[in-house]
Each structure stands twice: as structure tokens, then as C-alpha cells.
Amino acid sequence: MAVQARWLSCSVFLALVISQIIAEVPHKRFEYKYSFKPPYLAQKDGSVPFWEYGGNAIASAENVRIAPSLRSQKGAIWTKAPTNFDWWEVDIVFRVTGRGRIGADGLAFWFTQNKGAYDGQVFGSSDKWVGLGVLFDSFDNDNKHNNPYIMAVLNDGTREFDHQNDGSTQALAGCLRDFRNKPFPTRARIEYYRNTLTVLFHSGMTASDQEYEMCLRAENVHLPKNGYFGVSAATGGLADDHDVLHFLTSSLHAPGQMPVPQAPQVNEEDQRKLTQEYADYQRKLDQQKEVYRKEHPDAPIKDKDEFEEWFESDNQRELRQIFQGQSQMFEVTRELNRKLDEIIGRQERTLSLMSSLQGGGGVPVVTQQQPGQPPVQMIDTIRRHEVDVVLQNQNSILSTARDLVAFVTDVRTRTDTIISNQARQPTAQVQSVGYDMTSLVNEMRDGLNTVKRDVAAASAKLGNMPGGGSAGGSCPTCLTTTMFLVFGVVQLTLLFGYFMYRDSKEAQAKKFF
């Protein structure tokens with residue numbers, strides 16, 4: 001019971017704290033006359049509604065370039081009318097980009113009693129201002145290596161800004177944050193509520209607009225009751241582009257004190273004048289309708305409710321929204337049903353495969369599907385002996401590949417040997433494989449001697465035959481020894497020339513390997 005009582009008391013205390021915090025959250029109201037944002041930020045004539053700018057500032061449809069990346073440039077933009085609320089919050093989205101590793105001079109947010117200059121000495125605005133300046137200083141004038149730096153400076157109109165020390169002696173509070181050359185626009189949220197100044201900073205490293213971090217917070221800050229908002233920038237020897245993309249102002253009101261907008265009061269004379277103008281317009285419209293009907297007698301005549309069919313009533317709009325919502329719910333339900341069927345099918349197929357593997361067989365398994373769908377037959381799995389056959393074929397392929405590699409290596413080795421020999425003796429004649437000139441000549445000599453013996457034996461047999469001629473006579477139909485030798489020498493010469501020609505061709509062909 002004691003534990004339960006303790007938990008109950010803690011819950012009640014936490015609820016009270018949360019309700020107190022919620023009760024202190026101020027109400028916001030967007031003030032369009034003190035804001036600008038793209039698209040169509042600037043009008044066709046170059047002006048920004050409810051704002052005025054000067055100096056070197058340039059307004060476009062997407063942003064306001066307060067100071068361009070040129071040396072000694074200054075510019076500013078200010079609201080035309082002072083504020084009519086006490087507490088406010090301003091969201092600024094800006095970019096400071098330049099080619100150099102360091103830039104100059106910086107950008108400033110102002111809330112002052114009077115408008116500043118457009119070419120002043122303090123970041124493009126006037127010195128000795130009355131109010132608040134939040135300075136985004138990008139150049140290190142005092143060589144303390146503490147820039148880029150964000151600081152809040154209050155001034156009552158009597159003090160000059162300390163440029164030599166970068167205003168550090170006059171700063172109310174500040175933080176060291178880098179806001180140059182970021183992948184996304186940097187953001188600053190400046191809030192002034194119940195004499196408390198808070199500055200939140202977004203580094204621009206992500207596209208999210210919620211990743212703010214605390215830069216400074218100061219209490220007992222008293223600003224002018226009705227002031228002007230402004231943004232200014234300046235460059236020096238170094239130059240950056242100072243672009244402001246959004247400037248969104250919201251007035252803050254305590255809970256229960258939100259002003260109720262009242263309808264504008266119209267006096268009786270203006271009311272009578274507007275009524276008369278409306279009656280004249282209605283009479284001219286009826287006259288134009290009569291003229292049109294006379295000129296177009298065949299045109300269909302519509303009743304007074306001719307435009308009602310172009311618009312839907314409240315009931316039709318409600319029915320259409322209900323139908324669209326039900327249609328979307330039906331589509332989502334059908335998609336979920338399809339995904340669920342797919343998941344169930346995969347699970348059943350997996351279970352069937354596991355059952356067939358555990359049983360050791362490859363019998364096809366039929367799974368149960370959803371009603372209205374045909375049964376799906378599972379594919380038979382591979383068996384053990386098929387795996388062995390595949391492995392054997394793979395081993396045979398590997399051995400054959402190794403033999404091919406060895407053969408190719410042998411051929412390459414012999415080719416390298418021939419190429420190296422040819423490189424050492426480029427003019428040498430390559431001898432034919434399996435032939436020797438000396439042995440070839442000896443073989444030819446032995447062949448000729450054999451032919452000679454055969455010819456001599458044939459001549460002797462012809463001389464001993466009956467009816468043959470005398471020893472010193474000659475046979476007119478037989479080949480003489482001299483003629484035979486002449487033919488033999490010619491044949492030998494042709495053979496020798498052929499062998500020499502073939503060897504020279506082979507030597508020339510091997511030079512190209």
C-alpha cells in the first residue's frame with residue numbers, strides 16, 4: 001500500500017508540473033506584415049511587400065541578397081511599419097557562402113527603435129542604435145581565433161561598437177558556431193518573451209528544420225516597446241554572399257490573452273455607398289444578360305441556380321471524403337492480405353522442404369493454400385548420388401584443365417626458347433628438324449652407286465642374251481651411262497635447291513614469333 005501511495009503521489013505531482021508547463025506556453029500568431037519568404041518574394045517592380053531595402057541589397061523571387069561577394073559592399077532591409085505587439089519570435093533562414101577559407105564581414109539581425117542606415121559602419125547598419133543586435137561575425141579582427149561567432153549586443157544609443165575587439169567587450173552573450181559554406185541553409189530562431197532573450201541556432205548540416213541547439217539565453221532584457229525589424233550585412237577586403245531566404249515573424253501572447261480580431265467597423269455613409277454600388281452592379285449585369293439573350297435567342301436559358309451544379313454541397317463533400325477514406329482502407333487491406341498470403345506460402349514451402357530433407361526422400365509435397373487457390377506442388381530436391389556424380393564430373397573437369405594448362409605451359413616454354421635463340425643469333429639459318437646436310441649428301445652418293453651397279457648388271461645381262469650385239473657395239477634403244485649421269489646430276493641439283501629454299505622460308509617464318 002505504501003508503494004502504491006508513493007506512485008500515486010508522484011503521478012499527481014508529474015501531472016501538475018506538466019499542466020503548469022503547458023499553461024505557460026505562449027500562443028503564436030503569424031505576422032505576415034513583418035515576414036517574407038519565397039516564392040515570389042519580390043514583386044515585378046523589385047519591391048518586397050511591407051519591406052524596404054537599400055544599399056547594395058538585391059531582392060529576387062527566391063531570396064534577398066543583403067551583400068554580394070564583392071569588396072566593400074553594404075546593404076540592409078527593414079520593415080516599413082513598427083511592431084504593434086510586445087513579445088515576438090523570428091525565424092531566419094540564411095546562407096553565407098564564399099570561395100575563401102575565411103570570409104568577411106558578416107550579417108546582423110536588428111530590432112531597434114528606429115530604422116538603421118543602409119550603408120552604416122556596423123555590419124551595414126547604423127552605429128549607436130537603440131535596441132538589440134544579433135551579430136553573425138565571420139571575420140576575426142582581434143586575432144583571437146574565435147570566429148565565426150554569434151553574439152547579442154544591446155545598445156542604448158550612446159555607445160559605439162568596438163570593432164577592434166569584435167564587440168566582445170559589449171556582448172550580452174554569445175556562442176562559437178560556424179555558419180559559412182554549409183550544405184544546407186543555416187537557421188536562427190530569436191525569441192523575446194517576458195524580457196527573456198533566447199537564440200537557437202541550426203548549423204545547416206542536415207535538411208531537418210528541428211535540429212536547433214541553444215546558443216545563448218539572457219534574462220532581464222528590456223527592448224523598445226514598438227520597434228523595427230531589419231537585417232544588414234557588409235563585406236571588407238574579403239567577401240561573401242549574404243543571402244536571406246526566410247524571415248518569419250510570430251507574435252507571442254500569454255495564455256488567455258490572445259487578442260480576438262475584430263471586424264472592421266463601417267459607418268452608415270460607407271454602408272449606404274457600398275449598397276448603392278452593389279445595386280448598380282446588379283442592374284448592369286441584368287442588362288447585359290438581356291442583351292445576350294436577344295443576340296442569342298437559341299441559347300438555352302438557365303435558371304438562377306445555374307452555378308450551383310459547379311459546386312458540391314456539404315453533404316456531397318462529406319460523402320466523397322467518406323468514400324475516399326473507405327477506398328483507401330480497402331486498398332490497404334487488400335495489399336496486407338496479399339502480403340500475408342505470400343508470407344504464409346513461403347512458410348509452408350520452407351516447412352515442406354525441411355520435412356522432405358529430414359525424411360531422406362524427394363517425394364513432391366502438396367501444400368494447402370488459401371481457399372479458392374489451386375494447390376502448389378513442391379519441386380523435388382537433389383539426392384545424394386546426384387551430388388556424387390556432380391562432384392566426380394567436377395573433378396574430371398579440373399584434371400583435364402590441369403593437363404591443358406601443363407600442355408600450354410610446355411608450348412610456351414618451347415616458344416620462349418626459340419624466340420631467345422633467334423634473339424641471340426638473328427642472322428643464323430634455322431636448320432630443319434631431323435635433317436643434316438652431310439648425311440643427306442652421303443645418302444644421295446650411296447643411292448647413285450646403287451643405281452650404277454644396277455645399270456651395269458642390266459647392261460651385262462643384255463650383252464649375254466642371244467642375238468645381242470658385239471661387245472664394242474651399242475644398243476640404239478638403251479640409255480647410255482653419260483645421259484643417265486646427266487639426268488642424275490640435274491635431279492640432285494633440283495633436290496638440293498628445293499631443300500635450301502624450304503630452309504630459308506622456315507627461317508624467315510620463325511623470325512616473326
Rounded distance (nearest 0.5 Å) linking atom CD of Q73 with atom CG of D119: 11.5 Å
Pairwise disulfide (SG to SG under 2.5 Å) hits with a residue in residues 71-109, at least two apart: none
Sole candidate of F50, W78, F85 that passes ring-ring contact (aromatic ring centres under 6.0 Å, His included) when paired with Y34: F85
Taking every non-hydrogen atom, the tightest pair across P49 and Q43: CG-NE2, 3.3 Å
Atom CZ of F30: over 12 foreign heavy atoms under 6.0 Å: yes
Check: F136 ring centroid to F123 ring centroid under 6.0 Å: no
R317 bridged to D314 by N-O distance under 4.0 Å: yes
Separation between CD1 of I322 and OG of S327, rounded to the nearest 0.5 Å: 11.5 Å
Donor-acceptor pair, side chain of R217 and main chain of T198, under 3.5 angstrom: no
Nearest non-hydrogen partners of P38 and H246, listed with the distance: CD-NE2, 3.8 Å
Enclosure of K273 NZ (heavy-atom neighbours >12, cutoff 6.0 Å): no
CD/Q316: more than 12 non-hydrogen atoms of other groups inside 6.0 Å: yes
From CA spacing to verdict: salt bridge (Lys or Arg N to Asp or Glu O under 4.0 Å), D280, R283: CA-CA 5 Å; D280 294 340; R283 186 175 60 257; 2.9 Å; yes
Result of checking R29, E89, E31 against S251 for side-chain hydrogen bond (donor to acceptor under 3.5 Å, both in side chains): E31
Steps toward side-chain contact (heavy atoms from CB on, under 4.5 Å) verdict (W110, Y228): CA-CA 8 Å; W110 303 99; Y228 293 86; over 6 Å; no
Any donor-acceptor pair under 3.5 Å from H145 side chain to D140 backbone: no
Greater than 12 external heavy atoms within 6.0 Å of K182's NZ: yes
Within 6.0 Å of CD in Q170, more than 12 heavy atoms from elsewhere: yes
Pairwise side chain to side chain donor-acceptor pair (under 3.5 Å) hits with a residue in residues 91-101, at least two apart: D91-R189
Side-chain (N393) to main-chain (V389) donor-acceptor, under 3.5 angstrom: yes
Check: H202 side chain, G204 main-chain N or O, donor-acceptor pair, under 3.5 Å: yes
All ring-ring contact (aromatic ring centres under 6.0 Å, His included) counterparts of Y53, not counting sequence neighbours: none
Least distance between heavy atoms, I150 atom then R177 atom: CD1-CB, 3.9 Å
D209 and Y212: CA distance, side-chain angles, deciding distance, side chain to side chain donor-acceptor pair (under 3.5 Å) verdict: CA-CA 8 Å; D209 57 352; Y212 283 92; over 6 Å; no
Nearest atoms (heavy-atom pairs only) where A76 meets Y118: O-CD2, 3.4 Å
Qualifying residue, where the test is side-chain contact (heavy atoms from CB on, under 4.5 Å) with E191 and the options are T196, V199, L252, L197: L252
Nearest atoms (heavy-atom pairs only) where P68 meets N56: CD-O, 3.7 Å
Worked check of side chain to side chain donor-acceptor pair (under 3.5 Å) between D142 and N165: CA-CA 5 Å; D142 54 2; N165 296 315; over 6 Å; no
Main-chain N/O of D166 paired with Y149 side-chain donor or acceptor, under 3.5 Å: no
Nearest-0.5 Å distance that lies between atom CG in L107 and atom NE2 in H242: 6.0 Å
T235 side chain to S69 backbone, donor-acceptor under 3.5 Å: no
Between NZ on residue K115 and OG on residue S126, distance to nearest 0.5 Å: 12.0 Å
Ring centers of W88, F111 separated by less than 6.0 Å: yes
Atom pair CD1 (I58) and CD1 (I77), whose distance is rounded to the nearest 0.5 Å: 12.5 Å
Reported CG-to-NE2 distance for the pair D156 and H222, which is rounded to 0.5 angstrom: 13.5 Å
Under the ring-ring contact (aromatic ring centres under 6.0 Å, His included) test, residues paired with F184 that sit two or more places apart: none
Of all pairs that satisfy disulfide (SG to SG under 2.5 Å), the ones with a partner from residues 113-171, not counting sequence neighbours: none
Pairs where residues 83-178 contributes a residue and the test disulfide (SG to SG under 2.5 Å) is met, not counting sequence neighbours: C175-C215
Side chain T83, main chain G227, donor-acceptor under 3.5 Å: yes
Within 6.0 Å of CD in Q321, more than 12 heavy atoms from elsewhere: yes
Worked check of salt bridge (Lys or Arg N to Asp or Glu O under 4.0 Å) between R346 and E342: CA-CA 6 Å; R346 289 181 180 179; E342 183 179 353; 2.7 Å; yes
Neighbour count >12 (heavy atoms, 6.0 Å) for atom CE, M214: yes
E213, CD atom: more than 12 neighbouring heavy atoms under 6.0 Å: yes
